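For the numbers below, each heavy atom of this structure counts, side chains included, while hydrogens, waters and symmetry mates do not. Reminder, nothing fancy here: chain letters follow the sequence lines and each chain counts from 1. Here the structure is a predicted model, which is why all the values come from computation and not from measurement.
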Protein chains: 2
Amino acid sequence: MPGDAGSGPKQGRRGRRPAGEDTRGLILDAARAEFAERGFDATSMRGVARRAGVDPALVRHYFDSKADLLAAGLVPGGVDPRVVVGAVAAGPRDAVGEQLVRLVLSVWDTPDGRARLRAVLSGALSADPAAAVFVDYLRRTVFGSLAAGLEAPDADLRVGLVASQVVGLLVTRLVIGLEPLASLPADGVVALVGPTLQHYLTGDLAVVAPEEQNSPHGE
Amino acid sequence: MPGDAGSGPKQGRRGRRPAGEDTRGLILDAARAEFAERGFDATSMRGVARRAGVDPALVRHYFDSKADLLAAGLVPGGVDPRVVVGAVAAGPRDAVGEQLVRLVLSVWDTPDGRARLRAVLSGALSADPAAAVFVDYLRRTVFGSLAAGLEAPDADLRVGLVASQVVGLLVTRLVIGLEPLASLPADGVVALVGPTLQHYLTGDLAVVAPEEQNSPHGE
């Protein structure tokens with residue numbers, strides 16, 4: 001799939017400025033400021049365009065919806081999640097857990113990354129349509145690459161478990177700042193959480209088949 | 001510690017209605033509606049009082065701050081997190097992981113629980129002071145009981161790791177609705193995530209001492 005992360009590349013129709021990463025970045029910056037000030041519901045594509053000083057049609061050229069705009073702000077400029085996650089998934093199979101934690105921290109354990117997380121998560125959690133599009137965005141850009149590298153029948157479940165641990169780590173360590181997890185060096189977090197992701201991705205999962213749901217394994 | 005969960009019981013001074021759980025619940029309902037409609041920043045103690053039809057002083061009688069009001073809305077009425085978490089921590093040591101997942105799902109895997117999670121998390125993530133008070137609330141009501149039952153030197157770190165997995169599970173399964181995790185029966189989630197919590201609480205952790213942070217264990 002060509003194009004930049006999550007914007008759903010569309011062919012240019014009109015716009016007062018030349019299309020390019022700078023304009024896209026300008027729109028994303030304006031959107032982040034609007035979401036932060038007004039919240040998801042009160043932010044509009046038109047308001048974002050006004051703040052960015054571009055025509056509303058140009059905003060729609062890059063982003064299909066407000067929620068798409070929200071999700072695209074999660075990743076720092078220049079990072080294509082598909083590429084980096086794909087690289088981790090293609091690396092040594094027994095190191096994929098630790099490498100994934102390291103990757104996640106390298107992208108978001110910065111002041112800019114933390115601000116992005118806070119803005120996007122609070123927006124995604126505040127409104128149903130935002131959450132749904134956010135999930136769709138993650139599927140397209142992150143989880144898809146990871147699941148494709150696994151070649152397991154329950155790849156989607158494994159990726160979902162990884163997502164549950166990664167999202168929670170990001171929220172507790174970087175957004176909420178829960179101690180002592182928040183002050184731990186990155187290597188410490190990798191050593192603690194890496195094995196969990198490794199287990200979810202490549203270990204023996206206690207998968208409960210639907211017909212067994214009243215007598216789970218492991219008890 | 002006496003009193004109800006997280007409201008920081010204060011002695012009555014004044015108030016147009018008799019103090020009691022009903023009034024407290026009325027104020028919490030009004031607060032949830034205000035937070036949902038206006039977001040954390042635009043909600044005021046005064047606005048909550050107006051919506052609940054009570055004197056602002058009565059809101060301050062039950063809740064120290066707006067963030068306290070936000071956090072207290074996380075738990076369904078009648079549930080005291082200190083009591084239930086204390087019971088899990090005091091139960092069989094080798095089942096604490098699975099029982100904790102089961103407990104978390106029993107409290108929040110309902111339409112009401114999901115609405116509470118969404119409202120509180122989006123509020124806590126949207127503003128710095130809310131996040132800080134939210135953490136303080138969790139420490140007082142949930143994590144404190146859990147850490148006290150562990151009797152381990154690194155109890156706070158273990159509880160933080162548990163929090164990271166639990167928060168992420170709640171967000172992905174119940175708020176965002178990530179499939180197939182969202183549709184899995186509770187027993188299935190217990191079987192998959194319980195062992196992770198068990199490991200974090202009672203297993204051998206690869207704790208990296210500060211002076212070793214450039215040569216982590218397990219690599």
Exercise for review: Only counting residues at least two apart or in another chain, list the ones meeting side-chain contact (heavy atoms from CB on, under 4.5 Å) with Glu37(B).
Suggested key: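 Listed in chain order: Arg51(B).
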
Review point. By side-chain hydrogen bond (donor to acceptor under 3.5 Å, both in side chains), which residues pair with Arg32(A), not counting sequence neighbours?
Key: none

Check your understanding: Mind checking what makes side-chain hydrogen bond (donor to acceptor under 3.5 Å, both in side chains) contact with Asp109(B), not counting sequence neighbours?
Key -> Arg114(B), Arg173(B)

Exercise for review: Mind ranking Thr172(A), Val193(A), Leu170(A), Leu181(A) by heavy-atom pairs under 4.5 Å with chain B and telling me who comes out on top?
Suggested key: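 Counting heavy-atom pairs under 4.5 Å, the top option is Thr172(A).
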
Point to revise | Contact listing (chain A partner; residues 156-166 of chain B; heavy atom under 4.5 Å) | key: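 Under the 4.5 Å heavy-atom cut-off, Asp156(B), Leu157(B), Gly160(B), Leu161(B), Ala163(B), Ser164(B), Gln165(B) qualify.
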
**Study point:** chain B contact via Tyr200(A) - side chain, backbone, both or neither, heavy atoms under 4.5 Å
**Key:** side chain

